Amino acid sequence: MEIKRIETDFLLIGSGIAALNFALRVIDKGNVLILTKKERTDANTNYAQGGIASVFDKEDSFKSHKEDTVRAGLGLSEEEAVDIMVREGPSRIKDIINWGVEFTEDKSSDLELWKEGGHSHRRIVHAGDFTGRAVEKGLISAIKSHPNIRIFEHHLAFEIIMANNSCYGVYALDVSTGEIIQVISKLTLLATGGAGQVYQHTSNPGVATGDGVAMAYNAGCRIADMEFFQFHPTTLYTPEPEERQFLISEAVRGEGGRLYDMDGNRFMEGIHPKMELAPRDVVARACDSVLKKRGDNYVYLDISHKDSNEIKNKFPNIYRECLKYSIDITKEPIPVVPAAHYMCGGVYTDLFGRTDIRGLLAAGEVAFTGVHGANRLASNSLLEALVFSARAGKEALDWMVGGVPVEDILPSTERITTIEESVLAVHTKKEIKQTMWDYVGIVRRDYLLNRAMRRFELYLEEIEELYRNSYLSQDIIELHSLITVAYLITRSALSRNESRGLHFNKDHPDENEQCKNHTIIRKEG
Ligand SMILES: Cc1cc2nc3c(=O)[nH]c(=O)nc-3n(C[C@H](O)[C@H](O)[C@H](O)COP(=O)(O)OP(=O)(O)OC[C@H]3O[C@@H](n4cnc5c(N)ncnc54)[C@H](O)[C@@H]3O)c2cc1C
C-alpha cells in the first residue's frame, strides 16, 4: 500500500483551546501542521458556556483559588500543578485577550467576573454564556493568516509513529478521501480533548471519542485516574438519541428550578439540605438513582412557576432550544437526564506537558496534570488547558526529536483485507455506550463493574482484530478508541475500592485512606 508522506516541525492533533494556544507559542519557531477530525471549530471548547476561572478580583487570592481547587479534588489534587495553574492563569488569559479573544467587561471596562459553585470568590472570566465559542473564534483568527500554519480538517489521527521510544508523528486518515497519510514531525502535541462519547448520554460533541488517550496508551504512555469522569446532572432528554445532549445550565436550578420524578415527587428533599443546589455530583447521583430505581428515561426540571418573561430573559438560549422539541419551559417541566461531561484523568504528563515518550506532548482535557484530583471545580478545565499548553509550548524546542531516517518508518500493520465492518462498528459502539452508562456510570457496584469488564475484554480482543485487519474507516478507528477508553475507565474503577469525588461505588461507600493514590495504567509489554 502506497502511503503519502507529509513533514512538519510541529504536529498538533486537535483544534480546541489547547492546540490553538500551543500553536501561537511555537508558530515563529517552525512549521506548524494542525490535524483536526472535523471542521476546525468542532471541539469541546466551542461548547463551553460558563467561563475560565482565574484570580482578577481584588478581594480574591491565588491561595483561595488553590484552596478551592484542592478541596474539590478530595486529597488527590497535585498541589504543585494547582499552584502553577492558579498563579499563571491571569497572565495566560491576558495573552489570549491580546491575541483577540473578547471577554465580557463590566462598566469600568474591567473583566466581568461571575461566581460559580465551589468557588469562594467571583473569578469566572466569560464571554456572555458562550465563552468557548469566543475563545475558538479569537484564537483561530489569530493563527489563520500566519505563513507557518497549515490546518487539515477532516483528518483523523489514529496511531503514533514510534521508533527508539520516541514519537516521530502519526498516521492519519483523510476522512474525505479514505486515504492514509504518514505525518512525520519533530514534535507532536496530543490535544484531542475528552471522551464523553464513551457514554450513552453526553454533553460532548461527536469528536470526543478519546482517540488521544487510546493512541498514547497503545504507544506505551501511562494513563492516570480514568475512573474520575464528571457527569453534568441536567441535560435535555430527547426521545431520539442525539449525538450530544444540550446542557440545561446550573443557573436554572440557581434561579429556582426544581427536580421531580415522573410522579411529581421532589426527590432532592431529604437528600441534601441545599436540595437542587447541592454539589453537581450529589444532584447527578440523585437523578441517576431515581432513573435506575424506577426504570424511567428522564426526570423533570421545572422552572415554570417563575414569571415567564423573566425566564425568557434569563435563559433565551435554553428557551429557544427546548422549543425546538415543543417544550415551552415557561409552561411545562423540562425532561432532563444526567450526562457524561468531563474526563478528569488522561495521558500522564509532567508540568510541561511531557509524556513518557520523547517527542510527544499532551495538553488540555486529554492530559492528566493532577490538578483536578477526584473532582473538577467548575471552569478550571479551560484554565488548565490554557496554562499547561502554554508551558508545553515553552519547552517544545528542548523536547524535539530528530535524526531518524524517516523512510525507515513503516506502518506497524498492513491493512489488506476489507471487512464489511460498518454494521458491526455501529452495533458494538451502541453496546459499549449503553454498558458504560448502565454499569460504569454515576453510581457503581462491584458486580456491575465486573460484568462490564468481562464484556469489554472480549470486545477489546475482537475490535483489536478488526482494527488490525480491516481497511480503516472513521467508524473502526473511533470504535477502537471507545473500547480502549471504556476498558481503561472500568479497570481504573475496579481498582479503586472506595468512593471519592466522582467515583462512587455503593459497595465501598466511604473514602479509604489506603486508596489515596492515583490510578496509573500502562499497556503490558
Ligand atoms: C457543554 C460543555 C460546557 C463546558 N463548559 C465549560 C466551562 O464553562 N468552563 C470550563 O473550564 N470548561 C468547560 N467545559 C470543558 C471544556 O470545554 C473542555 O475541557 C476544553 O474545552 C477542552 O479543550 P481541549 O483543547 O483539550 O479539547 P477540545 O476543545 O475538545 O478539542 C479537541 C480537538 O481534537 C480533535 N480531535 C479529537 N480526536 C482527534 C483525532 N483522532 N484526530 C484529529 N483530531 C482529533 C477534535 O476534533 C477537537 O478539535 C465544557 C465542556 C462542554 C462539553
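Quick caveat, the model's predicted, so the values are computed rather than measured. Indexing begins at 1, ligand by ligand and atom by atom, following the structure's order.
Around CD of Glu102, the count of heavy atoms belonging to other residues, nucleotides or ligands within 6.0 Å does not exceed 12. A 6.0 Å sphere centred on OH of Tyr348 holds no more than 12 heavy atoms belonging to other residues, nucleotides or ligands.
Asn375 and Gln230 are linked by a side-chain donor-acceptor pair at a separation below 3.5 angstrom, with hydrogens and angles left out of the test. Counting only N and O atoms by type, the side chains of Asn204 and Gln197 include no donor and acceptor under 3.5 Å apart. In the model, Gln49 has no side-chain atom that pairs as donor or acceptor with a side-chain atom of Ser249 under 3.5 Å. In summary, the side chains of Asp68 and His119 do not present any donor paired with an acceptor at a separation below 3.5 Å, with no hydrogens or angles considered. Side-chain N/O atoms of Arg92 and Ser389 include no donor and acceptor closer than 3.5 Å. Judged purely by distance below 3.5 Å, without hydrogens or angles, the side chains of Ser120 and Ser64 pair a donor atom with an acceptor atom.
For Arg122 and Trp114, the positive end is not near the middle of the six-membered ring at less than 6.0 Å and at most 45° from its axis. Cation-pi geometry between Arg244 and Tyr47 is satisfied (NZ or CZ under 6.0 Å from the ring centre, within 45° of the ring normal). Note that Arg25 lies outside the cation-pi zone of Phe22, set by a 6.0 Å cut-off to the ring centre and a 45° limit from the axis.
Using a 4.0 Å heavy-atom cutoff, Gly132 is absent from the residues neighbouring ligand 1. The closest approach between a heavy atom of Ser203 and any atom of ligand 1 is below 4.0 Å. Every heavy atom of Ile52 sits 4.0 Å or more from the atoms of ligand 1. The shell of residues lying under 4.0 angstrom from ligand 1, judged by heavy atoms, includes Arg376. Under a 4.0 angstrom heavy-atom cut-off, Ala385 registers as lying outside contact with ligand 1. For the ligand labelled ligand 1, residue His155 lies inside the 4.0 Å heavy-atom shell. Within the structure, ligand 1 has Leu35 among the residues with a heavy atom less than 4.0 angstrom away. Under a 4.0 angstrom heavy-atom cut-off, His232 registers as lying outside contact with ligand 1.
The proximity of Ala191 to ligand 1, defined as any non-hydrogen pair under 4.0 Å, is limited to the backbone.
In terms of polar-atom proximity, defined here as any N/O pair under 3.5 Å, Glu136 makes no such contact with ligand 1. Between Arg244 and ligand 1, no pair of N/O atoms sits closer than 3.5 Å. The shortest N or O to N or O distance between Asp211 and ligand 1 is under 3.5 Å. Looking at ligand 1, you'll find an N or O of Leu382 within less than 3.5 Å of one of its N or O atoms. Remark: ligand 1 and Asn204 share no N or O pair separated by less than 3.5 Å (distance only, no angle test). At under 3.5 Å, not a single nitrogen or oxygen of Leu247, backbone or side chain, sits near a nitrogen or oxygen of ligand 1. At a 3.5 angstrom cut-off on N or O pairs, Tyr342 does not count as close to ligand 1. Ligand 1 has an N or O atom lying under 3.5 Å from an N or O atom of Asn44, backbone or side chain.
Note: Tyr217 and Tyr487 have tilted aromatic rings, judged against thresholds of 30 and 60 degrees for the angle between ring planes.
Proximity to Leu156 (heavy-atom distance under 4.0 Å) selects the following atoms of ligand 1: 40 (C), 41 (N), 42 (N). Annotation for ligand 1: atoms under 4.0 Å from non-hydrogen atoms of Ala157 are 40 (C), 41 (N), 42 (N), 43 (C). Those atoms of ligand 1 that come under 4.0 Å of a heavy atom in Ala18, given as number and element, are 25 (O).
Considering only non-hydrogen atoms, atom 9 (N) of ligand 1 lies nearest to Gly51 out of Gly50, Gly51, Ala48. In this structure, of Thr192, Ile13, Thr45, Asn21, the residue bringing a heavy atom nearest to atom 21 (O) of ligand 1 is Thr45. With atom 22 (C) of ligand 1 as the reference point, the heavy atom nearest to it among Glu365, Glu478, Glu159 is part of Glu365.
In terms of heavy-atom proximity, Glu276 sits nearest to Leu259 at OE2-N, 2.8 Å.
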